[in-house]
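Proteins get letters first, then strands, A, B, ... in listed order; numbering begins at 1 in each. Here the structure is a predicted model, which means the values were calculated and not measured. Heavy-atom basis, side chains included; hydrogens, waters and symmetry copies ignored.
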Protein chains: 2
Amino acid sequence: MGIIRKTKHFQKVLDQFSKQENAISANYLVSHFNDEMNKSTIYRILDKLEDDNIIHSFVGVHGLKWYAKCLDCTVKEHNDNHPHFQCEKCNEVQCISQTNNESKIIDAQFLVKSVFLTGICNRCFSTC
Amino acid sequence: MGIIRKTKHFQKVLDQFSKQENAISANYLVSHFNDEMNKSTIYRILDKLEDDNIIHSFVGVHGLKWYAKCLDCTVKEHNDNHPHFQCEKCNEVQCISQTNNESKIIDAQFLVKSVFLTGICNRCFSTC
DNA sequence: CGCATTATCGCAACTAAGTTGCAATAATAC
DNA sequence: GTATTATTGCAACTTAGTTGCGATAATGCG
Ligand SMILES: [Mn+2]
Ligand SMILES: [Mn+2]
Ligand SMILES: [Zn+2]
Ligand SMILES: [Zn+2]
């Protein structure tokens with residue numbers, strides 16, 4: 001079980017994920033809410049939100065933990081295992097909508113559960 | 001520039017990558033060579049080996065840094081950006097030989113440079 | 001070989017991300 | 001309004017990786 005009481009801190013963290021579609025690093029939230037809440041509070045809220053399948057997590061290029069909002073997940077089942085992409089230049093992380101392409105990666109060699117891509121995003125590519 | 005002097009420490013670390021094909025975490029090497037060399041020595045050797053395109057690196061599921069041997073890379077050019085797969089159960093990491101599948105992941109949306117997959121490996125799948 | 005040069009190493013101290021135990025605070029239910 | 005207990009802040013800790021510096025050893029040359 002995750003979130004039980006709807007506290008102000010919980011709402012503030014959740015609002016960040018409603019405000020924008022991209023993924024957010026735990027690290028960013030810690031510094032963003034630096035003078036509003038303690039970092040352990042933030043990590044604990046993120047844990048609980050993930051437990052409830054409200055957000056999902058993964059590790060980015062520099063080993064930091066990233067979170068993004070789940071779209072079609074219930075508390076009981078987590079279907080939201082779409083690929084993620086992180087730009088090496090601007091470090092932004094995007095959730096990629098599910099395509100049927102990704103299942104082709106496997107040659108019956110593994111059971112693939114998550115896909116993480118890195119490279120250069122559109123915006124950074126056009127400005128260099 | 002990376003490796004200049006071929007020391008015993010350098011040889012020992014390199015041997016680990018010759019001995020086996022799978023990727024090795026920096027962390028594993030630190031504990032494996034615990035009473036033979038200092039951890040900073042290991043990290044520095046790995047840095048230099050990567051500089052020389054003898055090994056390549058990436059970040060695994062738990063945010064640890066992993067290294068594996070480069071196959072067709074010269075000091076000047078690094079072509080070895082094949083996908084990597086880490087098993088969630090046994091934590092082993094494998095380099096996946098390049099297929100043409102992976103290029104299909106992109107829909108002209110990004111320039112994909114690396115692919116990291118997680119899931120269940122063959123061996124773990126058959127024993128559960 | 002013997003020596004000078006300097007890359008490499010060990011050590012200890014540090015950084016940065018994330019975790020944990022515990023006492024204080026505040027959300028909820030009655 | 002009060003009791004219950006989930007949540008929070010704090011401080012201390014853990015773990016992976018980095019850094020500065022003096023000591024060591026690989027290399028090249030006479
Ligand atoms: Mn996502
Ligand atoms: Mn590889
Ligand atoms: Zn970008
Ligand atoms: Zn496995």
Checklist entry - Given axes from five pairs at either end, by how many degrees does the helix from dC1(C)-dG30(D) to dC30(C)-dG1(D) bend, rounded to 10°? => result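 Computed angle between terminal axes is 30°.
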Could you state the atom-to-atom distance from [atom1] of [X] to [atom2] of [N] in whole Å?
X: Asn34(A); N: dA16(C); atom1: CG; atom2: C1'; value: 14 Å
X: Leu46(A); N: dT8(D); atom1: CG; atom2: C1'; value: 15 Å
X: Lys48(A); N: dT19(C); atom1: NZ; atom2: P; value: 13 Å
X: Ile45(B); N: dG17(D); atom1: CD1; atom2: C1'; value: 15 Å
X: His62(A); N: dT18(D); atom1: NE2; atom2: P; value: 12 Å

Checklist entry - Considering residues at least two apart in sequence or located in another chain, which fulfil the salt bridge (Lys or Arg N to Asp or Glu O under 4.0 Å) criterion with Arg44(A)? => result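 Partners of Arg44(A) under the salt bridge (Lys or Arg N to Asp or Glu O under 4.0 Å) test: none.
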Next on the checklist: According to salt bridge (Lys or Arg N to Asp or Glu O under 4.0 Å), who are the partners of Lys12(B), at least two apart in sequence or on a separate chain?
Outcome noted: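 Salt bridge (Lys or Arg N to Asp or Glu O under 4.0 Å) check on Lys12(B) returns Glu36(B).
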Inter-residue atom distance [X].[atom1] - [Y].[atom2], 0.5 Å rounding:
X: Phe116(A); Y: His84(B); atom1: CZ; atom2: NE2; result: 14.0 Å
X: Ile3(A); Y: Asp47(A); atom1: CD1; atom2: CG; result: 10.0 Å
X: Tyr43(A); Y: Asn27(A); atom1: OH; atom2: CG; result: 5.5 Å

Checklist entry - Which letter, B, S or -, goes with each nucleotide of nucleotides 24-29 of chain D from 5' to 3', with contact meaning a protein heavy atom under 4.0 Å? => result -BBS--
Validation row: [X], [Y] side chains within 4.5 angstrom (heavy atoms):
X: Thr118(A); Y: Val112(B); value: no
X: Val13(A); Y: Met37(A); value: yes
X: Leu64(B); Y: Val59(B); value: no
X: Gln86(B); Y: Gln94(B); value: no
X: Ser114(B); Y: His82(B); value: no

Next on the checklist: Is Tyr43(A) close enough to dG18(C) that one of its side-chain N or O atoms is under 4.0 Å from OP1 or OP2 there?
Outcome noted: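 For dG18(C), OP1/OP2 do have a side-chain N/O of Tyr43(A) under 4.0 Å.
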Listing time: all N or O pairs from protein to nucleotides 10-15 of chain D that are below 3.5 Å?
| unit_1 | atom_1 | unit_2 | atom_2 | d |
| --- | --- | --- | --- | --- |
| dC10(D) | N4 | Ser40(A) | OG | 3.2 |

Checklist entry - Of all residues at least two apart in sequence or in a different chain, which pass the side-chain hydrogen bond (donor to acceptor under 3.5 Å, both in side chains) check with Glu50(B)? => result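 For Glu50(B) the side-chain hydrogen bond (donor to acceptor under 3.5 Å, both in side chains) partners, ignoring immediate neighbours, are Ser57(B).
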